[in-house]
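Input: a single structure, listed below in structure tokens.
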Amino acid sequence: MALKIYNSYSRQKEVFTPITPGHVGMYVCGPTVSGESHLGHARPYITFDVVFRYLSYKGNKVRYVRNITDAGHFEEEGREAEDKVGKKAQLEKLEPMELVQKYTNLYHWAMKRFNNIEPSIEPTATGHIVEQINMIEKIISEGYAYEVNGSVYFDVKKYAAGHDYGKLSGRIIDDLLETTRELEGQEEKRDRADFALWKSAAPEHIMRWKSPWGEGFPGWHIECSAMATKYLGPEFDIHGGGMDLQFPHHESEIAQSTICNHQAPVRYWMHNNMITINGRKMGKSYNNVIKLTELFSGNHPLLTQAFHPMTIRFFILQSHYRSTLDFSSEALVASEKAFKRLWEAYEVLQKLDVGAAVAGNAELDENINRWLAELEEFLDDDFSTAKVLANLFEMAPVINALKDGHLPADSISTATLKLMKERFKTVMEDILGLEAVSGADNEVLQGIMDLLIDIRKEAKSKKDFVTSDKIRNQLTAIGILLKDEKDGGMSWGME
RNA sequence: GGUCCUUUGGCCGAGUGGCUAGGCAAAGCUCUGCAAAAGCUUCUACAGCGGUUCGAAUCCGCUAGGGACCUCCA
């Protein structure tokens with residue numbers, strides 16, 4: 001089966017063919033570590049983690065590059081060029097690199113909790129100043145950039161004359177050139193559509209580097225082009241990021257790399273949509289973000305409780321990555337319950353030991369095989385994780401019914417059961433990256449629970465319900481749920 | 001103002017012109033010492049109007065609402 005990816009550049013689904021068979025180069029725009037990550041940031045990294053996992057599952061050797069932006073961006077281009085990282089650092093009375101380290105650590109911690117696999121290479125902007133300067137020099141020598149007062153700008157008008165500037169973001173260059181809005185400090189640029197490759201640093205600027213044009217810092221877009229080129233080559237397979245980066249960031253990346261390397265850098269552009277809150281994009285401009293630390297702790301007015309990273313991962317996977325996804329505490333509660341149910345069914349499945357040589361219920365057996373086969377079809381169809389989960393849910397009642405004896409043990413064949421176990425594990429753990437929420441991986445705790453369950457079983461068999469209820473109620477009070485099962489067994493789990 | 005997207009049942013959300021997406025919530029039943037869990041059943045929607053079609057949530061047009069980008073943003 002062929003994987004199809006929706007290419008933002010062509011605006012249609014295309015069969016994915018790697019440049020080098022069996023190898024995939026993928027670049028995803030990483031965070032600016034000048035502040036804490038919020039829920040909106042979780043989406044691209046979870047989305048592209050699944051892309052990474054699935055491409056690997058399909059037998060590709062994937063080089064996944066995701067940068068850390070630790071050098072300054074412009075607070076507002078054209079106005080006083082401010083180094084975002086530097087500015088905040090001064091406010092907080094921290095060394096810039098101390099601040100960068102703090103938020104980088106927090107970001108890594110969150111990524112780990114989401115069970116995201118680390119990228120193959122995680123380059124930093126500050127570690128690639130030389131590469132960026134080299135690239136700018138190349139663009140100047142090609143005649144597509146010019147220097148003014150220690151800053152360097154990309155000549156968009158000249159580029160647009162021979163290239164399709166605006167194709168990715170669906171923009172018309174003439175409209176950009178005619179924008180009426182006035183910004184201060186535009187006079188340096190030959191044209192308002194031009195963007196900075198290098199900015200001369202004001203004296204108070206903390207982050208600054210020597211360059212052929214004087215001391216300054218790199219422009220917003222050049223770091224990604226420089227690092228992508230360095231690690232993935234002049235042309236690579238996939239470039240991902242949030243939809244809000246399409247313009248100007250990605251559009252500019254295309255322009256820079258195309259001039260520098262004489263070819264378009266990216267074969268497939270992938271953009272995830274935004275997470276919204278009350279229908280509005282979650283973002284710092286709207287002042288409506290919920291930080292990941294707040295989500296994990298429940299410490300936010302809009303949250304009714306704390307949410308586990310897996311709940312958030314599941315929540316995100318329940319929608320398609322190109323749709324907006326509306327956040328609410330209720331929606332997360334629903335995801336938490338849904339994930340719990342699915343995961344429990346999955347655990348039951350792995351312990352299930354039923355089946356017959358020939359399925360007793362041919363129709364059911366057939367359905368299961370179809371549901372299982374469809375999992376990969378859905379993933380091949382531009383990573384339709386929502387449909388994958390829906391199919392898995394179709395099988396949950398079957399699993400539970402087999403366990404409870406509502407369905408005869410020989411309803412399905414042993415071959416089907418075996419396939420089911422294998423597919424569930426592959427899809428849920430390896431591809432979707434889901435993992436168990438609460439651990440009974442603590443041996444001491446497990447031992448104590450075994451003991452309590454033993455005592456309770458004894459009490460129950462003597463019809464001593466006072467004792468048995470006491471055990472169950474007190475465990476409930478500390479967040480451990482005991483469930484009596486059909487066969488007289490008991491299972492437990494953390495709230 | 002320009003460009004583009006979107007509007008699905010109480011809520012969240014899939015949806016390729018014809019066949020019940022799924023989840024959460026709710027109601028009833030079964031099981032159960034009581035619970036919980038689980039199973040079964042019920043709840044059939046596509047903003048409005050018009051058009052194309054044998055047939056439209058799905059295509060086209062208009063109207064209304066919401067949103068994104070055009071500036072830092074995942």
Side-chain angles (χ1 to χ4, degrees), chain A residues 11 13 28-32 34-35 37-48 73-79 82 84 166 169-172 174-176 178-181 183 193 220 240-249 271-276 278-286 289 314-315 318-320 322-328 330-339 341-342 344-345 348 378 381 384-394 396-407 460 463-465 468-469 472-473 476 481-486 491 493:
Chain A
R11 287 153 210 279
K13 283 183 198 169
V28 173
C29 290
T32 301
S34 60
S37 300
H38 59 77
L39 177 60
H41 296 116
R43 198 168 196 193
Y45 307 129
I46 289 171
T47 297
F48 290 105
H73 281 173
F74 306 134
E75 199 68 35
E76 199 164 336
E77 186 175 353
R79 238 185 249 176
E82 280 174 317
K84 210 197 300 183
S169 51
R171 229 147 283 259
I172 298 152
D174 291 335
D175 292 348
L176 291 171
E178 286 165 18
T179 310
T180 50
R181 207 154 54 86
L183 287 173
W220 178 30
M243 264 182 190
D244 49 355
L245 294 182
Q246 248 181 52
F247 189 90
H249 188 56
H271 292 97
N272 63 276
N273 214 321
M274 301 293 105
I275 287 185
T276 59
N278 295 323
R280 161 151 267 170
K281 173 185 169 184
M282 184 181 286
K284 50 178 166 272
S285 333
Y286 298 118
V289 303
F314 188 83
F315 171 66
Q318 264 185 308
S319 70
H320 192 270
R322 279 190 288 111
S323 304
T324 55
L325 173 59
D326 200 52
F327 160 86
S328 68
E330 301 92 289
L332 278 184
V333 169
S335 287
E336 179 182 87
K337 290 184 179 169
F339 174 58
R341 194 165 100 86
L342 186 62
E344 282 178 2
V348 166
F378 294 155
D381 184 18
S384 299
T385 54
K387 286 174 150 188
V388 168
L389 289 173
N391 263 29
L392 293 176
F393 271 110
E394 292 282 3
V398 177
I399 293 166
N400 287 322
L402 281 168
K403 177 199 165 218
D404 289 347
H406 292 139
L407 274 174
K460 271 190 74 176
K463 299 218 185 291
D464 176 7
F465 297 124
S468 79
D469 284 354
R472 189 176 65 197
N473 294 339
T476 305
L481 288 183
L482 259 192
K483 288 182 256 177
D484 293 339
E485 288 173 353
K486 268 245 154 84
S491 64

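Chain A is the first sequence line, chain B the second, and so forth, proteins listed ahead of strands; every chain is numbered from 1. The shown structure was predicted, so the numbers you read here are calculated from the model rather than taken from an experiment.
- Among the nucleotides B:rA74, B:rA68, B:rC34, the one closest to the side chain of A:Arg280 is B:rA68.
- In this structure, CZ of A:Phe465 is placed 10 Å from C1' of B:rU32, rounded to the nearest angstrom.
- You'll find a donor-acceptor pair under 3.5 Å spanning the side chain of A:Ser285 and the base of B:rC72, going by distance alone.
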May I have the step-by-step check of salt bridge (charged side-chain N to carboxylate O under 4.0 Å, His left out) for A:Glu344 and A:Lys403, ending in yes or no? CA-CA 12 Å; A:Glu344 282 178 2; A:Lys403 177 199 165 218; over 6 Å; no
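- Rounding to the nearest 0.5 Å gives a distance of 10.5 Å between OG of A:Ser319 and CG of A:Asp326.
- Residue A:Gln318 places its side chain closer to B:rG22 than to any other of B:rA74, B:rA37, B:rG22.
- Within 4.0 Å (heavy atoms only), A:Tyr286 reaches sugar-phosphate atoms of the nucleic acid but no base atom.
- With centres under 5.5 Å and a plane angle under 30° as the test, the ring of A:Phe393 is not stacked against the base of B:rG23.
- Rounded to the nearest Å, the gap between the P atom of B:rA45 and that of B:rG9 is 10 Å.
- A close approach under 4.0 Å does not occur between any side-chain nitrogen or oxygen of A:His406 and OP1 or OP2 of B:rG39.
- Nucleotides B:rG28 and B:rG22 place their P atoms 23 Å apart, quoted to the nearest Å.
- A:Glu344 has its CD atom 8 Å from the C1' atom of B:rA37, to the nearest Å.
- Close to B:rA74, at under 4.0 Å from its OP1 or OP2, lies no side-chain N or O of A:Asn272.
- Going from the C1' atom of B:rA57 to that of B:rG18 covers 13 Å, rounded to whole Å.
- Among the protein residues, A:His249 comes within range of no part of the nucleic acid, since none of its heavy atoms lies under 4.0 Å from any strand.
- Between B:rG48 and B:rC43, the two C1' atoms lie 25 Å apart (nearest whole Å).
- Annotation: the span from A:Leu342 atom CG to A:Leu392 atom CG amounts to 5.5 Å, rounded to 0.5 Å.
- Looking at A:Arg472, its side chain comes within 3.5 Å of the base of B:rC34 through a donor and an acceptor atom.
- Neither OP1 nor OP2 of B:rG39 sits under 4.0 Å from any side-chain N or O of A:Lys403.
- The P atoms of B:rU3 and B:rC54 are separated by 35 Å, rounded to the nearest whole Å.
- Contact annotation: A:Lys387 does not reach the phosphate of B:rU16 (side-chain N/O to OP1 or OP2, under 4.0 Å).
- Pairing partner, B:rG9: none, since no Watson-Crick or wobble contact has both distances short of 3.5 Å.
- In this structure, the nucleotide among B:rA14, B:rA68, B:rC24 sitting nearest to the side chain of A:Arg341 is B:rC24.
- Look at the C1' atom in both B:rA14 and B:rU7: the space between them is 16 Å, to the nearest Å.
- Here the separation of B:rC12 from B:rG39, taken at their P atoms, is 25 Å to the nearest Å.
- Residue-to-nucleotide contacts include a donor-acceptor pair under 3.5 Å from the side chain of A:Asp469 to the base of B:rG33.
- Counting only heavy atoms from C-beta on, A:Phe315 has its side chain closest to B:rC12 among B:rC12, B:rA74, B:rG39.
- The CE atom of A:Met274 sits 7.0 Å away from atom CE of A:Met243, with the distance rounded to the nearest 0.5 Å.
- A:Met282 has its side chain out of reach of A:Thr276: every pair of non-hydrogen atoms, C-beta onward, lies at least 4.5 Å apart.
- Proximity note for A:Pro397 (side chain, C-beta onward) versus B:rG39, B:rC12, B:rA68: the nearest is B:rG39.
- In this structure, NZ of A:Lys337 is placed 9 Å from P of B:rA37, rounded to the nearest angstrom.
- Contact check, A:Arg11 against B:rC4: no side-chain N or O comes under 4.0 Å of OP1 or OP2.
- Distance, A:Phe339 CZ to B:rC24 P: 13 Å, rounded to whole Å.
- Nucleotide B:rC69: paired with B:rG2 (Watson-Crick or G-U wobble, both distances less than 3.5 Å).
- Between A:Ser323 and the phosphate of B:rA14, there is a side-chain N or O to OP1/OP2 separation shorter than 4.0 Å.
- Rounded to whole Å, the distance from CZ on A:Phe327 to P on B:rC11 is 18 Å.
- The base of B:rA35 sits with one of its N or O atoms less than 3.5 Å from a complementary donor or acceptor on the side chain of A:Asp484.
- In this structure, A:Phe314 and A:Phe339 have tilted ring planes: the angle between them lies in the 30° to 60° band.
- In the set B:rC34, B:rG23, B:rA21, B:rA21 carries the atom at the smallest distance from any side-chain atom of A:Glu394.
- Rounded to whole angstrom, the span from the CZ atom of A:Arg171 across to the C1' atom of B:rU71 amounts to 12 Å.
- Nucleotides B:rC11 and B:rA26, compared at atom C1', are 12 Å apart to the nearest Å.
- No contact: A:Asn473 has no heavy atom under 4.0 Å from any strand.
- A pairwise comparison of heavy atoms in A:Leu245 and A:His249 identifies O-CB, 3.2 Å as the closest pair.
- In this structure, the separation between CZ on A:Arg43 and CZ on A:Phe315 is 8.5 Å, given to the nearest 0.5 Å.
- Here A:Gly279 lies in heavy-atom contact (under 4.0 Å) with sugar-phosphate atoms only.
- Summarising the base pairing, B:rU44 is matched to no nucleotide, lacking a Watson-Crick or G-U wobble pair whose two defining distances lie under 3.5 Å.
- Nucleotide B:rC29 forms a Watson-Crick or G-U wobble pair with B:rG39, both donor-acceptor distances falling under 3.5 Å.
- The environment of A:Asn278 atom CG is sparse: at most 12 non-hydrogen atoms of other residues, nucleotides or ligands sit within 6.0 angstrom.
- Picking from B:rC24, B:rC70, B:rA74 the nucleotide with the shortest atom distance to the side chain of A:Pro248 gives B:rC70.
- Counting to the nearest Å, the P atom of B:rG15 and the CG atom of A:Leu389 are 12 Å from each other.
- Each of A:Ser384 and A:Thr276 was matched to the nucleotide of RNA chain B holding its nearest heavy atom; the match closer to the 5' end belongs to A:Ser384.
- Toward the 5′ end of RNA chain B lies the nearest nucleotide of A:Ala396, the other residue of the pair A:Ala396 and A:Leu245 mapping further downstream.
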